[in-house]
Amino acid sequence: MAKSKPRKGRSPIQDASNLIAAALETLGFDLTDENFNGTPERFVRYLLEYKRNYEVEKVLRIGFTSTHVDNGYKGMLVQSGIPFRTICPHHLLPVLGVCHVGYIPHERVIGLSKLTRVVEAVGHELPRMQETITDLIADILDKHLKAKGVMVVIKADHACMTGRGVKVHDTPTSTSTVRGLFRDVPAVRDEFFQLVRMKMQTGAGSN
Ligand SMILES: [Zn+2]
C-alpha cells in the first residue's frame, strides 16, 4: 500500500513552525497580523530551549570529573537561591522560581557553581513536573557525590496557575527531597533552613 509522506520543509524547526502556524489558523488566529510575524517559529524555539536532552550528562561529566577528595571539611554545603526555570509537561508553560541545594560531603565535593549548572541542566532537559525535578537533582547528587546527605528544595510559580485556569497569583509551589542525614536528623534539616534564611536576609545574589 502506498504511503503518503508528509511534506517536509527545510528543517525540523521549519516543519514544526508550519504545523504550529496551521494549528493557530485552524483556531481562527489571523497570522497576517504583523504582530504574529515569526510567532510560530519563536514558539518552536521556546519549546526547544527545554529539550536539551544531552545537557545533563555533559554537565555531569565536566562537573564531577573535577571532583576531588574531601579536604577534611565535615560541615554542610548549601547553595541557596539558585535560579530555577523549566516548563511544565501539562501545559508547556513556564515554571519560575528558586532552588536551594545542600549536601554533607563524604568523600567528594564539587564546586558550588556546579550545583547551579546541575539545576539549570535538569530544568532544561525536558518539560518535567517540579516534584520530579526536585527528586532528580537529589538523585544525581546522591549518586555522584556519595554524600552523607542531600537536600533539595524548589519554590516556584507556575504560569499554568497564574495565566490560565484558576488564574491565582502568589501561590508558589514548594517541593523538597531529603536524603541521608537530612532525612534522619531533624537538626540537620533545621541547619539547612537556617543557612537558606540567612542568605535570603543578607540578600546576596538572587532570591
Ligand atoms: Zn502546568
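The figures here come from the full heavy-atom set of this structure, side chains too, leaving out hydrogens, waters and symmetry mates.
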_I'd like to know if the side chain of His124 and the backbone of Tyr50 have a donor-acceptor N/O pair within less than 3.5 Å._
no

_Hphob cluster co-occupancy, Leu92 + Leu24, side-chain heavy atoms under 4.5 angstrom_ = yes

*Shortest non-hydrogen contact from Cys160 to Cys88?*
SG-SG, 3.8 Å

*With the 4.5 Å side-chain cut-off for hydrophobic clustering, are Leu19 and Leu27 part of the same group?*
no

*To the nearest 0.5 Å, tell me how far Arg52 CZ sits from Glu125 CD.*
12.0 Å

*asked:* Name the residue from Leu141, Leu145, Leu181, Val78 that meets the side-chain contact (heavy atoms from CB on, under 4.5 Å) definition with Tyr103.
replied: Leu145

*Is there a chain of hydrophobic side chains (I, L, V, M, F, W, Y, each step under 4.5 Å between heavy atoms) that links Met76 to Met198?*
yes

*asked:* Would you compute the distance between atom CZ of Phe182 and atom CD1 of Ile104 and round it to the nearest 0.5 angstrom?
replied: 4.0 Å

*In chain order, what residues pass the ring-ring contact (aromatic ring centres under 6.0 Å, His included) check against Tyr46, with sequence neighbours excluded?*
Phe43

_Over all atoms of both residues, closest heavy-atom pair of Gln14 and Arg10_ = OE1-NH2, 2.6 Å

*asked:* Give me the atom names and distance for the closest heavy-atom approach of Pro105 to Leu77.
replied: CG-CD1, 3.1 Å

_Residue Asp184 excluded, over 12 heavy atoms near CG under 6.0 Å_ = yes

*Identify, with sequence neighbours excluded, every residue that meets salt bridge (charged side-chain N to carboxylate O under 4.0 Å, His left out) alongside Arg85.*
none

For residues 150-159, which side-chain donor-acceptor pairs fall under 3.5 Å, sequence neighbours excluded?
residue, atom, partner, partner atom, Å
His158, NE2, Gln130, OE1, 2.7

*Taking only residues two or more places apart in sequence or in another chain, which ones pass side chain to side chain donor-acceptor pair (under 3.5 Å) with Arg179?*
Asp139

*Report whether Leu126 and Val118 are members of the same hydrophobic cluster (ILVMFWY, side-chain heavy atoms less than 4.5 Å apart, transitive linking).*
no

*Nearest heavy-atom pair of His100 and Gly81: which atoms, and what distance?*
ND1-N, 2.9 Å

_Value rounded to 0.5 Å, distance of CZ in Arg128 from CG in Asp135_ = 11.0 Å

_Within this structure, what is the OG1-CD distance for the pair Thr86 and Glu120, rounded to the nearest 0.5 Å?_
10.5 Å

*Using the side chain to side chain contact (heavy atoms under 4.5 Å, CB included) rule, take Ile133 and Phe84 through it: C-alpha gap first, then chi angles, then the decisive distance, then the call.*
CA-CA 10 Å; Ile133 291 178; Phe84 170 73; 3.7 Å; yes

*With sequence neighbours left out, which residue pairs that include part of residues 35-48 fulfil the salt bridge (Lys or Arg N to Asp or Glu O under 4.0 Å) condition?*
Glu41-Arg45

_Any donor-acceptor N/O pair, Arg189 side chain to Arg183 backbone, under 3.5 Å_ = yes

_How long is the straight-line distance from CG of Leu47 back to CD1 of Ile87, given to the nearest 0.5 Å?_
5.5 Å

*State which residues pass salt bridge (charged side-chain N to carboxylate O under 4.0 Å, His left out) with Glu131; sequence neighbours excluded, sorted by chain then number.*
none

*State, to 0.1 Å, how close Ile137 and Cys99 come at their nearest heavy-atom pair, and which atoms those are.*
CD1-SG, 4.4 Å

*Among Thr32, Ile20, Leu31, which residue meets the side-chain contact (heavy atoms from CB on, under 4.5 Å) test with Glu25?*
Leu31

*Report the distance from atom CG of Leu195 to atom CG of Asp190, rounding to the nearest 0.5 Å.*
11.0 Å

